[in-house]
Amino acid sequence: MNYRWNWSILLQEPYWEWLWSGVQWTLAISLVSWVLALTIGLGVGIARSLPARGARLVAGIYIDVFRNIPPLVQLFLWFFVLPEIVPESIGLWLKRDLPYPEFVTAVVAIGLFAGSRVAEQVRAGIEAVGNPLLPAALATGLHPVQAFRLVVLPLGLRAIVGPLTSEFLITIKLSSLSLTIGVLELTAQSRHVENYTFQGLEAFTFATVGYLVIGLCVTGLMRFIDDRIGGSALRKAAT
Amino acid sequence: MNDFDWGVIARSWSFLAEGMALSALLVLVATVGGLVLGFGLALMRLSTHRFIAAPAAAYVTVMRSLPLVLVLFWFYFLIPLAIGRPIGSLMSALIAFVMFEAAFYCEIIRAGIANVRKGQAEAGLATGLRRGQVMRHIVMPQALRAMMPLVLNQIVIVFQDTSLVYVVALHDFLTTASIVASRDGRPTEMYTLVAVVYLIICLSATKAVEFYRKGRTT
């Protein structure tokens, strides 16, 4: 294997700028779609745990549909198909006037997919940790809605901070899919540098280390939160 | 939403079927190769020697933190460099899939083995069985039963993952559909078809696994 190593390529212009902007896009997509995923996951996960049959059914269909279509296909649906099937004026707006169309589409697609996974965790947390406490909460005289809001939900959510860490990491990895619709995030930029310089080992190593560092930061942060709110103790108590 | 043309699907049917065949091949190779390699990694991780366990743990951690797209690019670039001649995107994608999915299968297998109660192996050893025999006759049968649903779920995930070979221009189901979509200017029909086909296959597989698991525990 003869390969001319040249690590300094990573610090040269414009390659350093490309890679650094790739890191920023990866972070931006991951964070915004994670916020979206948490919001949707919370809503759908709660709906899935309600006694109302209609709410449970709708939430169940959402989870089944979004979890069983590959995320890349979902991205293409939002990007290529949605502008064609909505009324013409909205389609034109999506194609012409939407700011950062690739970024927004990627965030929506990844957020909705990750949201269906988060919803499953929320439901599982409520079921495992929250529901066993429901009779006790009701026995103290709380109204069912109060019991859910003040006891079942907070404890259920605390218990799932650990599992949510892996969902966050999956969301970060999913952000790489956005390169297929033209977002120049970290993976795309490392590929870009490889195409221009043929120094693929250096470029891909940079991306690899980038994902590892981002992943470690997320794991550390989530563990800190988990420790502060006693989530792992709750998980242990439930099993 | 001007007139859907479903005829485009009928006309490109055999091309799409070839794409689905490639997707199936990827799933098959990734699963068989990933399980074999993953089993080896799991045994390494369970070893009491640090020099055996640590490299396997590092490999699994790194692989699981990387997006599959990056891993595909890595092998697409690395393998011709390592063996000195081009081998084509199919070969490099197959290798990338085996190496990537092995990390996930490793964790499933490791958890399955680690969750068999320790007393079981100890009792086996006490009856005079050798380590290999204990593994084969006592630990593995129980571990296999426990890990089966997770392995089946992982196969569904691998099937969804195969759509990513789009980035190295391999003609899997999604990529063939996207070729037809841009050739005939029919993205709506083609991507809807792709989504529905994936949904039907993955949803029925997921529900079957769920049914199988519930039937076994109650």
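Since we're looking at a predicted model, the values are computed, not measured. So you know, we letter chains A, B, ... as the sequences are listed, proteins then strands, and number each from 1.
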Structural part of [X] lying under 4.5 Å from a heavy atom of chain A:
| X | result |
| --- | --- |
| B/Thr188 | both |
| B/Leu174 | side chain |
| B/Val62 | both |
| B/Phe173 | neither |
| B/Tyr166 | side chain |
| B/Phe73 | both |

* Structure fact -> Ranked by heavy-atom pairs below 4.5 Å to chain B, first place among A/Val65, A/Ile214, A/Asn68 goes to A/Asn68

Side chain / backbone / both / neither for [X] at chain B, heavy atoms under 4.5 Å:
| X | value |
| --- | --- |
| A/Phe79 | neither |
| A/Leu216 | neither |
| A/Gln74 | neither |
| A/Leu169 | neither |
| A/Ser190 | side chain |

* **Donor-acceptor pair, side chain of A/Glu127 and main chain of A/Ser49, under 3.5 angstrom** => no

* With ring centroids as reference points, do B/Tyr198 and B/Phe159 lie under 6.0 angstrom apart? -> yes

* Look at atom OH of A/Tyr196 and say whether more than 12 heavy atoms of other residues, nucleotides or ligands are closer to it than 6.0 Å. => no

* To do: Evaluate whether atom CE of B/Met148 has more than 12 neighbouring non-hydrogen atoms of other residues, nucleotides or ligands under 6.0 angstrom away.
  => no

* Which residue, B/Ser178, B/Pro187, B/Ser182, forms the side chain to side chain contact (heavy atoms under 4.5 Å, CB included) with A/Phe80? -> B/Pro187

* Asked: Which one of B/Thr31, B/Val27, B/Thr162, B/Val29 satisfies the side chain to side chain contact (heavy atoms under 4.5 Å, CB included) criterion with B/Phe97?
  -> B/Thr162

* Using a distance-only test with no angle check, is there a side-chain donor-acceptor pair under 3.5 angstrom linking A/Thr208 and B/Trp74? -> yes

* Under 4.5 Å between any side-chain heavy atoms of A/Glu185 and A/Leu179, yes or no? -> yes

